[in-house]
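Treat the numbers as computed from the prediction; the structure is a model and nothing was measured.
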Amino acid sequence: MGRIPHETTIDILCRLSVKDLLRFKCVSKPWCSSIEDPYFINFHLSHSLKTNTNHSLILRHREYHFFSVNCDSLETTQILNHPFGEPKRTIQILGSCNGLLALVNDDDSILLWNPSTRESQRSPPSGYIARSTYYGFGYDPISDDYKLVRMIQSYGLHDENVHSEAKVYSLRSNRWRRIKDFCFYLNFSREIGILANNALHWMVFRTPEPLNKELVGFDLGSEEFRFLELPDSMGGDICLTATFRDFINVDVWIMKDYGVKESWIKLISYYEPESIPASPFPVPLAFSKNGDKVLLFIAYKWCHSATRTDKFVWYDLESQRVEKVEIRGPPASFDVDLYVDSLVPLNTNDLMFYNEMPED
């Protein structure tokens, strides 16, 4: 029996889960070397993203308990031990990209974390804390770097002397640097940007008076802000994939292009009575492998945490029917994020250009 060609071995390995790959590193030195190779790490990530496999949900309960659920099975939750380690300290997910999560605790300490490999890295202090703080996390394929964006805004007495500041943290350099200030206004809260098409997106205000929100994008390559057009007749709030809600209709939109002219497609639309204050709020998380269904997280945001019962459903795009997802072991109420299981390292020496990954 002949020896299996190296290319065939790599093609087989790239289809496996990260959990299996970490185990198979012990098979032999050549296998260990192949699995740790930056070329293979990016090849495996590329395959997972293109085939919509090796994705997991991460559930956050009571702001400090973490659980994971494999999206291929959606059956059982597993406890995740986050790298902060402190019991009962509020922890928030600032973003997810290529298997890396950005976390912040209530002291504004920030960690980057790969929950699949359990690696983590703490960022240097980012500066003083403001009431209005916006974050966003993503990958810049031009510089082959993971970047965390932080915008803060504070006001003087009688809302005069507005101070705005924007900074970018680079994983490659492991430092923060200040960038050009922004010319819009933030909410008095902590908001998380949504990553799409190599850009981060938030809802902001053009004027100090909080009237109509507008959509702004931050290009991770050029590091410039610009306003984007919303779908026609769109108002109220938007959760960028995007979800629109005015307590009468709930529409889910997807931005297909990020260019001179944005292209929006309405994915889901349904009626919801205005008189139900605790009505469900749908958050689209992922498509099924063949793209005919959307996994929705149904969150009852206006219920007290003790009475909330959040859940997941599959929404069939053709039949417009809903199929309940039964997951064993999740808490009654939680926040949820999606991440891809990957081998992406937090050692910057192991990063390589993502846009040079091979076609599989």
**Residue list, side chain to side chain contact (heavy atoms under 4.5 Å, CB included) with V325, at least two apart or on another chain** = L74, L295, F312, W314, I327
**Request:** For the residue pair D140 and Y146, confirm or rule out a side-chain donor-acceptor distance under 3.5 Å.
**Result:** no
**Note: D219-R226 ion pair, threshold 4.0 Å (strictly below)** = no
**Message:** Which residues pass the side-chain hydrogen bond (donor to acceptor under 3.5 Å, both in side chains) test with S17, not counting sequence neighbours?
**Reply:** D20
**Message:** Working note: F40 + C14, criterion side-chain contact (heavy atoms from CB on, under 4.5 Å); need CA distance, chi angles, decisive distance, verdict.
**Reply:** CA-CA 8 Å; F40 173 77; C14 82; 4.1 Å; yes
**Remaining members of the apolar cluster that contains F66, side-chain heavy atoms under 4.5 Å** = I58, L80, F84, I91, I93, L101, L103, L111, W113, Y339
**Request:** Decide whether N98 and S342 meet the rule of one side-chain donor and one side-chain acceptor closer than 3.5 Å.
**Result:** no
**Asked** Between the side chain of H44 and the main-chain N/O of L16, is any donor-acceptor distance below 3.5 Å?
**Response** yes
**salt bridge (Lys or Arg N to Asp or Glu O under 4.0 Å) involving D107 - partner list, sequence neighbours excluded** = R89
**Request:** Take the angle between the ring planes of H61 and H65 and call it parallel below 30°, perpendicular above 60°, tilted in between.
**Result:** parallel
**Item:** Positive for side chain to side chain donor-acceptor pair (under 3.5 Å) with S56, one of D72, D341, D337
**Value:** D341
**Prompt:** So, for S96 and L195, which heavy atoms are closest and what is the spacing to 0.1 Å?
**Reply:** O-CD2, 4.3 Å
**Prompt:** Considering residues at least two apart in sequence or located in another chain, which fulfil the salt bridge (Lys or Arg N to Asp or Glu O under 4.0 Å) criterion with E119?
**Reply:** none
**Request:** May I ask you to test the L200-F137 pair for a side-chain heavy-atom distance under 4.5 Å?
**Result:** no
**Request:** Could you please spell out the steps behind the side-chain contact (heavy atoms from CB on, under 4.5 Å) verdict for V149 and W202?
**Result:** CA-CA 12 Å; V149 180; W202 300 266; 4.2 Å; yes
**F225 ring center near F184 ring center (under 6.0 Å)** = yes
**Request:** Run the numbers on R60 and H82 for side-chain contact (heavy atoms from CB on, under 4.5 Å), then give the verdict.
**Result:** CA-CA 11 Å; R60 184 182 64 125; H82 59 77; over 6 Å; no
**Prompt:** Taking only residues two or more places apart in sequence or in another chain, which ones pass salt bridge (Lys or Arg N to Asp or Glu O under 4.0 Å) with R321?
**Reply:** none
**Message:** Let's go through L171 and D145 carefully: what are the C-alpha distance in whole Å and the side-chain angles of both, what is the deciding distance for side-chain contact (heavy atoms from CB on, under 4.5 Å) to 0.1 Å, and is it a yes or a no?
**Reply:** CA-CA 6 Å; L171 173 61; D145 198 4; 3.8 Å; yes
**Fill in**
The side chain to side chain contact (heavy atoms under 4.5 Å, CB included) partners of P125 (sequence neighbours excluded) come to none
**Request:** With the side chain counted from C-beta on, respond yes when I152 and T133 share a heavy-atom pair under 4.5 Å apart, and no when they do not.
**Result:** yes
**Fill in**
Tightest non-hydrogen contact, residues K213 and F205, listed as CG-CE2, 3.5 Å
**Item:** Set of side chain to side chain contact (heavy atoms under 4.5 Å, CB included) partners for T9, sequence neighbours left out
**Value:** I4, L13, W31
**Asked** Which pair of non-hydrogen atoms, one from L296 and one from P284, has the smallest distance, and what is that distance?
**Response** CD2-CA, 3.5 Å
**Message:** Restricting to side-chain hydrogen bond (donor to acceptor under 3.5 Å, both in side chains), what partner residues turn up for N52, sequence neighbours left out?
**Reply:** none
**Request:** Please report the closest heavy-atom contact between I179 and V168, naming both atoms and the distance.
**Result:** CD1-CG2, 3.8 Å
**Message:** Can you list everything that forms a side chain to side chain contact (heavy atoms under 4.5 Å, CB included) with I12? Sequence neighbours excluded, please.
**Reply:** T8
**Prompt:** Can a donor-acceptor pair be found between the side chains of S164 and D181 at a distance below 3.5 Å?
**Reply:** no
**Item:** With R175 via salt bridge (Lys or Arg N to Asp or Glu O under 4.0 Å) - residues at least two apart
**Value:** none
**Request:** Check whether any side-chain heavy atom of D108 sits under 4.5 Å from a side-chain heavy atom of R150, and report yes or no.
**Result:** yes
**Asked** Hey, does the side chain of S46 reach the backbone of N42 with a donor-acceptor pair shorter than 3.5 angstrom?
**Response** no
**Complete:** For Y185, the ring pair (Phe, Tyr, Trp, His ring centres under 6.0 Å) test, sequence neighbours excluded, returns none
